[in-house]
Peer 1: 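Here you go, one structure.
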Amino acid sequence: MMIDLTDTKSSAVNAALVDARHAIGSPALGMVLTLVIVTDESNQYDAMKAAVEAAREHPSRILVVIGRPGPDIPPRLDAEVRVGDAGAGETVVLRLHGELAEHAESVCLPLLLPDAPVVVWWPGKAPETASKDPLGVLAQRRITDAVAAPRRQDWLEIRASGYVPGDTDLAWTRTTTWRSLLAAALDQRYDRITGAAVEAKAGNPSAELMALWLSDRLKVPVERVISAGPGITAVRLNTVKGDIAITRPDGVLATLSTPGQPDRHVALKRRDAAELIAEELRRLDPDDVYATTLAHAAQEAKASGAASAGASDEAVEAAENEASSVALAALPGGPTMADTADVAKPAAKRAASRTSGGGSNAPNASGTSRASGSSGSSGASGSSGSSGAAKKSAKPSGSSSSSSGSRSARKRTGGGSS
């Protein structure tokens, strides 16, 4: 059902939503969040289509905000209310004319679902500091897309300096399945990693984030290699006995190669915006691994002598928390990643762990813990002891086993392949 409202106001839009729900026989609200999409006429169709598809997994009220500013245009609000047409939830397209386009928050605020999270998504051009945008202030999560938006050369430093918990970018989300596969590949015996390389189409933001993440986690130099695309085409980890490589030349099927083992084919297709948004809406807590990667980007920019505002205090704090909870150095010839990693516990907690006699806990790549055995054994290494071995690993931030899937690859790591 669709209701067109011309030269209207927010209260009339709310009333139209109630009337539409009664007309289709579903007066009760069954939505879990409000998704605000800030876009223009050229991008609104694709963005709205992606949001409606994501709403099948996350029933939501979708507010599509389209600004038509202009000093000679009289301020006016036009709205389209769509209920029950497709997906689960409600869609409201708001066209703000004239001066009203500069005050979108005053129009959207009465239309937000009560006591429900608010997510704002900029599928195209986004403000430099999303958390200071009038609509961004209303949201718990703010989603930008560096791939779709016009970019400056210092876009990473801008993201780092303006980061606050709740910010994320779909360029980062597209790397999640790559990070998950790399983490799974390192959940086996491997030699010391001496370097890495990321191959991607020139100017791909996801490739730059992937390289920064590898550099931060492995503490090795990471080479950026230009390929024909699409997106990221390969990631290689250099070891003494050969490369651990994931190659995906066609954007659909990847090949995982490890020294001394046969190649394995893995589905790794490039996901569309609907899947990426659905992935981001599954978790609404801060993405600490993304914040840590941004902080590392600011550090690299500063080390190279480039003018940089530095990372925000929130990004630096997230990086410090990650560094204190995740082991970062690789063990040559060590056992599986899960067995070689260990949480850096305070002395009091280690003493309490020894007293309880429980098994040692090892962090996966994103900083969460997993049991390493009820008897406290260290797995393939054969050593034992209830306090666990203080071994460290260079496992990237991803799932510690291939069965964990793309979701467990993150302390909160987003989804999608680039």
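All values below were derived from every heavy atom in this structure, side-chain atoms included, with hydrogens, water molecules and symmetry-related copies excluded.
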Peer 1: Minimum heavy-atom separation for Pro123 and Ala148, please, with both atom names.
Peer 2: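 Heavy atoms only, the tightest pair is O-CB, 3.2 Å.
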Peer 1: Just wondering, do Leu112 and Leu63 contact through their side chains at under 4.5 Å, heavy atoms?
Peer 2: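 The answer is yes, as the side chains (C-beta and beyond) meet within the 4.5 Å cut-off.
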Peer 1: Give a yes or no answer on whether the side chain of Asn43 reaches the backbone of Asp40 with a donor-acceptor pair at less than 3.5 Å.
Peer 2: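 Between the backbone of Asp40 and the side chain of Asn43 there is no qualifying donor-acceptor contact (under 3.5 Å).
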Peer 1: For the pair Val240 and Arg192, evaluate side-chain contact (heavy atoms from CB on, under 4.5 Å) and give the outcome as yes or no after the intermediate values.
Peer 2: CA-CA 7 Å; Val240 175; Arg192 177 178 292 278; 5.5 Å; no
Peer 1: Measure the spacing between CG of Leu214 and OG1 of Thr175 and express it to the nearest 0.5 Å.
Peer 2: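 That separation rounds to 9.5 Å.
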Peer 1: Is the backbone N or O of Val118 less than 3.5 Å from a side-chain atom of Thr34, with the two atoms forming a donor-acceptor pair by type?
Peer 2: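 A pair under 3.5 Å: no.
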Peer 1: Can you confirm whether Glu275 sits close enough to Lys269 that some side-chain heavy atom of one is under 4.5 Å from a side-chain heavy atom of the other?
Peer 2: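 Result yes, sub-4.5 Å side-chain heavy-atom pair found.
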Peer 1: Quick check: do Leu182 and Trp213 have side-chain heavy atoms less than 4.5 Å from each other?
Peer 2: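 Contact flag for Leu182/Trp213 side chains = yes.
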Peer 1: Would you say Ile277 and Leu170 make side-chain contact, with heavy atoms under 4.5 Å?
Peer 2: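 Yes, at least one pair of side-chain atoms sits under 4.5 Å.
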Peer 1: Report, as yes or no, whether the 6.0 Å neighbourhood of atom CD1 on Ile226 holds more than 12 heavy atoms from other residues, nucleotides or ligands.
Peer 2: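 It does not: Ile226 CD1 has 12 such atoms or fewer within range.
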Peer 1: State plainly whether the residues Glu80 and Arg95 are in salt-bridge range, i.e. N to O under 4.0 Å.
Peer 2: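 Counted as a salt bridge, because a side-chain N and a carboxylate O are separated by less than 4.0 Å.
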Peer 1: Let me check something: any side-chain donor-acceptor pairs from residues 257-268 under 3.5 Å, sequence neighbours excluded? List them with distances.
Peer 2:
residue, atom, partner, partner atom, Å
Ser257, OG, Asp263, OD1, 3.1
Gln261, NE2, Gln188, OE1, 2.9
His265, ND1, Thr255, OG1, 3.4

Peer 1: Looking at every heavy atom in both Thr6 and Arg76, which two are closest together, and how far apart are they?
Peer 2: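 Smallest interatomic distance, heavy atoms only, reads CG2-NE, 4.4 Å.
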Peer 1: Under 3.5 Å, is there a donor-acceptor pair between the side chain of Ser215 and the main chain of Ala211?
Peer 2: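 A pair under 3.5 Å: no.
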Peer 1: Starting at CG of Asp169, measure out to OH of Tyr163 and round the result to the nearest 0.5 Å.
Peer 2: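 If I round to the nearest 0.5 Å, the distance is 12.0 Å.
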Peer 1: Identify the two heavy atoms, one from Trp121 and one from Ala50, that lie closest to each other, and give their separation to 0.1 Å.
Peer 2: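 Closest approach of Trp121 to Ala50, heavy atoms only: CH2-CB, 4.2 Å.
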Peer 1: Taking the side chain as everything from C-beta on, heavy atoms only, tell me whether Arg236 gets closer than 4.5 Å to Val225.
Peer 2: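 With C-beta onward as the side chain, the pair stays apart.
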Peer 1: Apply side chain to side chain donor-acceptor pair (under 3.5 Å) to Ser131 and list each qualifying residue two or more places apart in sequence or on a separate chain.
Peer 2: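 Ser131 satisfies side chain to side chain donor-acceptor pair (under 3.5 Å) with no other residue.
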Peer 1: Any chance you could measure Thr39, atom OG1, to Asp46, atom CG, to the nearest 0.5 Å?
Peer 2: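 Spacing of OG1 (Thr39) from CG (Asp46) equals 9.0 Å.
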Peer 1: Pro69 versus Glu102: any side-chain heavy-atom pair under 4.5 Å?
Peer 2: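 Pro69 vs Glu102: side chains touch.
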Peer 1: Which heavy-atom pair separates Gly231 from Asn204 by the least distance, and what is that distance?
Peer 2: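 Closest pair (atom of Gly231, atom of Asn204, distance): CA-ND2, 3.6 Å.
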Peer 1: Begin from the C-alpha positions of Arg179 and Met210 and carry the test side-chain contact (heavy atoms from CB on, under 4.5 Å) through to its verdict.
Peer 2: CA-CA 8 Å; Arg179 290 179 281 131; Met210 171 70 76; 4.1 Å; yes
Peer 1: Quick one: does Arg224's side chain have a donor or acceptor within less than 3.5 Å of a partner on Val222's backbone?
Peer 2: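 Present.
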Peer 1: I'd like to check the side chain to side chain donor-acceptor pair (under 3.5 Å) partners of Glu53; sequence neighbours left out, ordered by chain and number.
Peer 2: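 None.
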Peer 1: At what distance, to the nearest 0.5 angstrom, does CG of Leu294 lie from CG of Leu209?
Peer 2: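 The distance works out to 7.0 Å.
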Peer 1: Determine the minimum heavy-atom distance between Ala54 and Ala274, stating which atoms define it.
Peer 2: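 Result for this residue pair: CB-O, 3.9 Å.
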Peer 1: Under 3.5 Å, is there a donor-acceptor pair between the side chain of Arg61 and the main chain of Leu111?
Peer 2: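 Yes, Arg61 side chain to Leu111 backbone: donor-acceptor pair under 3.5 Å.
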Peer 1: Looking only at heavy atoms, which two atoms of Thr194 and Pro221 are closest? And how far apart?
Peer 2: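 Between these two residues, the closest heavy atoms are O-CD, 3.9 Å.
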Peer 1: Could you check Thr8 against Val13 for side-chain contact (heavy atoms from CB on, under 4.5 Å), going step by step and ending with a plain yes or no?
Peer 2: CA-CA 8 Å; Thr8 186; Val13 175; 4.2 Å; yes
Peer 1: Indicate whether any N or O donor in one side chain lies under 3.5 Å from an N or O acceptor in the other, for Asp133 and Trp122.
Peer 2: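 No, Trp122 and Asp133 have no side-chain donor paired with an acceptor closer than 3.5 Å.
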Peer 1: Rounded to the nearest 0.5 Å, what separation is found between the CD atom of Gln140 and the CG atom of Leu33?
Peer 2: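 Interatomic distance, Gln140 CD to Leu33 CG, rounded to 0.5 Å: 9.5 Å.
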Peer 1: Using a distance-only test with no angle check, is there a side-chain donor-acceptor pair under 3.5 angstrom linking Glu280 and Thr173?
Peer 2: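 Yes, side-chain donor-acceptor contact under 3.5 Å.
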Peer 1: Below 4.0 angstrom, N of the basic side chain to O of the carboxylate: do Arg21 and Glu90 qualify?
Peer 2: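 Yes, charged N to carboxylate O under 4.0 Å.
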Peer 1: Show, in sequence, the C-alpha distance, side-chain angles and deciding distance for Asp145 and Arg174, and conclude whether the side-chain contact (heavy atoms from CB on, under 4.5 Å) test is met.
Peer 2: CA-CA 10 Å; Asp145 191 353; Arg174 291 181 178 93; 3.0 Å; yes
Peer 1: Kindly compute the distance separating CD1 (Ile62) from CZ (Arg82), expressed to the nearest 0.5 Å.
Peer 2: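 Ile62 CD1 to Arg82 CZ: 10.5 Å, rounded to 0.5 Å.
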Peer 1: Mind checking whether Leu96 and Leu77 have side chains closer than 4.5 Å, heavy atoms only?
Peer 2: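 Leu96 vs Leu77: side chains touch.
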Peer 1: For a 4.5 angstrom cut-off between non-hydrogen side-chain atoms, does Leu212 reach Glu208?
Peer 2: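 SC-SC contact between Leu212 and Glu208 confirmed.
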Peer 1: With a 3.5 Å distance limit and no angle check, can you tell me whether Thr233 reaches the backbone of Pro249 through a side-chain donor-acceptor pair?
Peer 2: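 Here the side-chain-to-backbone pair does not exist.
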